[in-house]
Amino acid sequence: MAWVSVAICYHITLFFIVLKPGQGIDKDTSVPEVVASGDIIIGGIFSIHEDVAQKNNSFAPQQQPCIRLDVRALVKSLAMINAIEIMNKSPPLTDVNITLGYRILDSCSDVSTALRATANIIEQDVCHNTHTNTSICDKPVMVVVGASFSETSIAIARQLTLKMIPQISYSSTAAILSDKSRFPAFMRTIPNDEYQTAAMVNLLSTFGWNWVGIVTTDGDYGRSALENFMSQASEKAICVAFKSVLPQSVTSQDVSSAITQTATTILENPKVQVIVSFAKPTHMMYLYQELNNQMLEAGEKIESMRRVWVASDSWSSSSSVKGNLTLNDIGHVVGFTFKSGDLSSFNDYLSRLEAAGYDSKGNNPFLQELYLQNSTRDSDLVTRAVETLRQNTQPNTILSVEMALSAIAQAAASVCRGRECKTPGTLEPWQVLEALWMEEFKLRNKSYKFDSRGDINLGYDVTMWRSDEDMKIQVQDIVAEYQPYSKNFTYSNHSTTQHFWNLKNITSKCSKSCVPGEFKKTAEGQHTCCYECINCTENYYSNKTDMDRCLSCDTDTEWSPEGSSSCIAKELLFFSWKDAFAVVLVSFCALGIVMALLVSALFLHTRDTPVVKAAGGPLSQVILFSLVMSYISAILFVGRPNSLQCKTRQVLFGISFTLCVSCILVKTLQILLAFQFNPELQRVLRRLYKPYVIISICVALQATTCICWLVLKSPSNHIIRYPTTLLEDCDEGSYLAFGVMLGYIGILAFVCFICAFKGRKLPQQYNEAKFITFSMLLYLISWLLFIPIYVTTSGVYLPAVEMVVILISNYGILSCHFFPKCYIILFRKEQNTKSAFRKDLYEYSSKSKGSISVCGSSLSDQQSISQHHSITAAVSARSLKPAFVTDSTDGSSCLHRGLVTRHCLRRSISLGRHSRCSTR
């Protein structure tokens, strides 16, 4: 059979390769390799096999056989070969007339094997013959490309640093390799894991997943990624529910138990719907199979194992990890991959391999192994192998390898531009390393340069796996790009992006989110992501989801009820003009002002009539003016108070009402004099009775009180803070001064009341005393009621209380003192005559005396005459100077003429006439 002959040929070839001096390897130290001659040799270390056989029954050092060909790693080595062939034809190298050669070795995913390979390629005394019959004797390796895994690269880097041989990795991402104090010769064409884990954390935060599990492979890469992820996740309040570290070797005896335990842990944590994995592809394949097995054994639906798997670059492009499962069984896979490049050049290379047939294997034992294991018939030997290579081509890794070779080629060209590089020993590795650090290189018209840590950071592509109609996982779609320096995602317009955003419907949290108005309360010893939600208390709020504590409102201006998501501005209250009660009170004030002005105009017009003169004459105008001022002061109690308004309203009322009461006091003192029948006392009172002086003194005392009040502790506007409102009101400053002011007016009013009470029996036409008594009594009662209300009450309507009392006082005086007079002036004009006044006086005098003095009778009783004269004086038309009657005997007698009785009345001095007789 054809395939038998091919197999025999393959094994014979391998046998001679092993025995070949130039390419053979010592059974103890040598490893398989692919070589090509050139002026500058580049070493390549790839994990072309997944592991080494662990059987070792000898203590002697020996090379372990490699097992399980990794086609993806083989593709990377072919990409290196293709890139070198292209670079040898490029202007930078042709201009200096040098070529690049290579030595590619297999690390077999084993650190010890990788160290053997490294030691092999840096030996300068080994002579290798190539298929072109040329040798690369004494051609030292100037640069090493590799390795794949960080743990391997770390070991190799320590060895290469001894000779400062530059090393450029295409996929080792451990953050520790960026430490140039440890690894000064290490460089890479990809970002380190700090950026990848940061991108993962940002993705989890974007979708609100804060309760996740981690699966990683033991070793420098896995441990470094785990440490970085947990550190960055804690800053974003993302908790790790569990972490599972799998053994580095996939053939380790502990792998099976570790995989089983990891699967059990995942299934026992149903709230953990997102798993972040830094594991190897083989580990993930085993894990999926174990999850499937445990679900079947438990008799549960396979869908229960579905999770969102956040894949690192180590397996995000390895769709083979699914095994015999479908994406519907696994769940969703969101992967982070390096930036992809143009595959056209590499695809052409694969096409040339396919066209060359079996002979294309050349001196490449790894390619020859692939040909044999992928073919059953001689006719499709190469075709099947090349198709396998195409299926395992990773555009991102191809770009990283091509960038590494481009950087090396241009650095070598830069160094060799002014010197001879063909002779061995004329070029040192450290010189190439220096050029790599300093020189900028180009690839497909794009410029690149290693940063200060030896990295090239192009960011990441975020991919999402999808299935075709046959439920087979196809090429992953790029749904977003992540820029490490800006830490932002740029989302694609691809149709798969919608499926990507549908992941928001998946919840991966230990506890439900605390909505605004609540805060998280974590029990002692629990994860910070496991908590209960507590309502914010009064005057506290939370305006975001899952806040750790509630924020305090500014209680001076804001408030909030329990469980509030924001603060509410406290309502500013004052006795507003828009208030209906305020409108009513202001209307009464305006009506009072209008009525006072009308009365003033009426009194001014009829100033010569007896009623106006009896009401006080000019003094009535002063009373009306003071009432207008008092009404105006009442209006100042409405509206948002300011400092000037607070100072003005009380002082204006105090002085204006003091003026009003002082004028009324003068009128009551006049009545007191009228009823004083003791001639001696009456004479003394006449001399003391100075109306304007009394008014001025009374007002001056009140003005002094108000000035001291304003100077020492002036009223001002202030804000009273209540739980939900702000009351802006006037602070009276000194309540003692306020009380003194009101008390002083009260004393004056009380004096008026006492004096007026004695003259309450005056004739109807002159009954000022009755009205004064009633008005003062009304004033005293209203203000006595005001005091306890004002002291014990607060609120927006407190100014209205004082305003009401002022209106009662004003209207009391206006109604009692002026309205009856206006009624007589307007509607009882016959009573507003001198004869009517005399008649009323006569009638009152007759009643008060009990008998009338008739001509011829004895009327010498001095007391009766004095009383008669005093009553006359009390109703004198002159308000400021009462007409006091002097005792006269010459004109006091009355004559008796027949049956006609003449009654003699002394004319009031206020009328300025002599006594006159009336006949009845």
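What you see is a predicted model, and the numbers here were worked out from it, not measured in a lab.
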Take R223 and S150, measure what side-chain hydrogen bond (donor to acceptor under 3.5 Å, both in side chains) needs, and give me the verdict at the end. CA-CA 11 Å; R223 295 286 183 180; S150 295; over 6 Å; no

Please lay out, stage by stage, how Y288 and Y286 fare under the test side chain to side chain contact (heavy atoms under 4.5 Å, CB included). CA-CA 6 Å; Y288 285 142; Y286 292 162; over 6 Å; no

Between H332 and M464, does the side chain to side chain contact (heavy atoms under 4.5 Å, CB included) criterion hold? Intermediate values first, please. CA-CA 8 Å; H332 305 278; M464 187 171 181; 3.8 Å; yes

Candidate pair D110 and Q64, rule side-chain hydrogen bond (donor to acceptor under 3.5 Å, both in side chains), full reasoning: CA-CA 10 Å; D110 177 64; Q64 299 298 324; over 6 Å; no

Report the C-alpha separation of L226 and V240 in whole Å, then their side-chain angles, then the decisive distance to 0.1 Å, and conclude whether the side chain to side chain contact (heavy atoms under 4.5 Å, CB included) test is met. CA-CA 10 Å; L226 176 62; V240 177; 5.9 Å; no

Would D348 and S345 count as a side-chain hydrogen bond (donor to acceptor under 3.5 Å, both in side chains) here? Give the steps. CA-CA 5 Å; D348 292 341; S345 173; 5.9 Å; no

In sequence, state the C-alpha distance, the side-chain angles, and the governing distance for T217 and Q248, and then conclude on side-chain hydrogen bond (donor to acceptor under 3.5 Å, both in side chains). CA-CA 6 Å; T217 299; Q248 170 75 13; 5.7 Å; no

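Looking at every heavy atom in both residues, I238 comes nearest to S205 through CD1-N, 4.0 Å. Between P395 and L343 the shortest heavy-atom distance is CG-CD1, 3.5 Å. The two atoms that bring E402 and D342 nearest to each other are OE1-O, 4.2 Å, heavy atoms only. The two atoms that bring S318 and Q394 nearest to each other are OG-NE2, 4.3 Å, heavy atoms only. When all heavy atoms of S47 and D70 are compared, the pair lying nearest together is O-CB, 3.8 Å. Between M284 and A279, the shortest heavy-atom contact is SD-CB, 3.9 Å.
A ring-centre distance under 6.0 Å is not found for F242 and W211. In this structure, F207 has its ring center closer than 6.0 angstrom to the ring center of W501.
S107 contributes no side-chain N or O that, together with a main-chain N or O of A114, makes up a donor-acceptor pair within less than 3.5 Å. Looking at N269, its side chain never comes within 3.5 Å of a backbone N or O of V272 through a donor-acceptor pair. Panel note: side chain S317, backbone D313; no donor-acceptor pair is recorded below 3.5 Å. Not a single donor-acceptor pair under 3.5 Å links the side chain of E481 to the backbone N or O of G459. Distance alone, capped at 3.5 Å, is enough to place a donor-acceptor pair between the S153 side chain and the A147 backbone. Side chain of S234 to backbone of S231: a donor-acceptor contact under 3.5 angstrom is found. With hydrogens and angles ignored, the 3.5 Å screen pairs a side-chain donor or acceptor of H283 with a backbone N or O of P247. Side-chain atoms of Y460 come within 3.5 Å of backbone N or O of Q196 as a donor-acceptor pair.
Counting heavy-atom neighbours within 6.0 Å of E227 CD, excluding the residue itself, gives a total of 12 or less. By the 6.0 Å contact criterion, NZ on K446 is open, its count of non-hydrogen atoms from other residues, nucleotides or ligands being 12 or less.
A donor and an acceptor atom, one from each side chain of T264 and Q294, are located under 3.5 Å apart. No hydrogens or angles considered: a donor-acceptor pair under 3.5 Å links the side chains of E369 and H49. Between the side chains of R390 and S351, at least one donor-acceptor pair of N or O atoms lies under 3.5 Å. Side chains of S178 and N192: a donor-acceptor N/O pair is present below 3.5 angstrom, by distance only. Inspection of the Q289 and N324 side chains reveals an N or O donor paired with an N or O acceptor under 3.5 Å. A donor atom on one side chain and an acceptor atom on the other are not found under 3.5 Å apart for E50 and S109. Side-chain N/O atoms of S277 and W315 include a donor and acceptor closer than 3.5 Å. A side-chain donor-acceptor contact under 3.5 Å links S148 and Y170.
No side-chain heavy atom of I154 sits less than 4.5 Å from a side-chain heavy atom of F186. Within the 4.5 Å cutoff, no side-chain heavy atoms of I478 are placed close to those of V462. Using a 4.5 Å heavy-atom cutoff, the side chains of R116 and C108 are not in contact. Counting heavy atoms from C-beta on, the side chains of I104 and E33 never come closer than 4.5 Å. Using a 4.5 Å cut-off on side-chain heavy atoms (C-beta onward), M200 and V276 make contact. Looking at Q273 and R307, their side chains come closer than 4.5 Å, going by heavy atoms from C-beta outward. D329 is listed as a side-chain neighbour of T326, based on a closest heavy-atom distance under 4.5 Å. Within the 4.5 Å cutoff, side-chain heavy atoms of S340 are placed close to those of N396.
Electrostatic pairing of D455 and R188 counts as a salt bridge here, judged by a charged N lying under 4.0 Å from a carboxylate O. The residues D461 and K339 are annotated as salt-bridged, a charged nitrogen and a carboxylate oxygen being separated by less than 4.0 angstrom. Under the 4.0 Å criterion applied to side-chain N and carboxylate O atoms, E532 and K520 are not assigned as salt-bridge partners. K509 has a carboxylate O that lies under 4.0 Å from a charged side-chain N of D546, or vice versa, which qualifies the two as a salt bridge.
Listed by chain and number, the residues in a side-chain hydrogen bond (donor to acceptor under 3.5 Å, both in side chains) with E194 amount to none (sequence neighbours excluded).
To the nearest 0.5 Å, atoms CH2 (W209) and CG (L204) are separated by 7.0 Å. Rounding to the nearest 0.5 angstrom, the gap separating the OH atom in Y531 from the NZ atom in K512 is 10.0 Å. Here the CZ-OG distance, from F336 to S312, works out to 10.0 Å after rounding to the nearest 0.5 Å. With rounding to the nearest 0.5 angstrom, the CG atom of L287 is 11.0 Å from the CG atom of N292. One finds the CG atom of L78 at 4.5 Å from the CG atom of L74 (value rounded to the nearest 0.5 Å). Considering CG of L399 and CG of L458, their distance stands at 7.0 Å, rounded to 0.5 Å.
Ring-plane geometry between F229 and F278 is classed as perpendicular, the angle between the planes exceeding 60 degrees on a 0 to 90 degree scale with a lower cut at 30.
Judged by the 6.0 Å distance and 45° axis criteria, K280 is positioned over the aromatic ring of F149. A cation-pi arrangement, defined by a distance under 6.0 Å to the six-membered ring centre and an angle within 45 degrees of its axis, is absent between K76 and F46.
With 2.5 angstrom as the limit on SG-SG distance, C510 and C530 come in below it.
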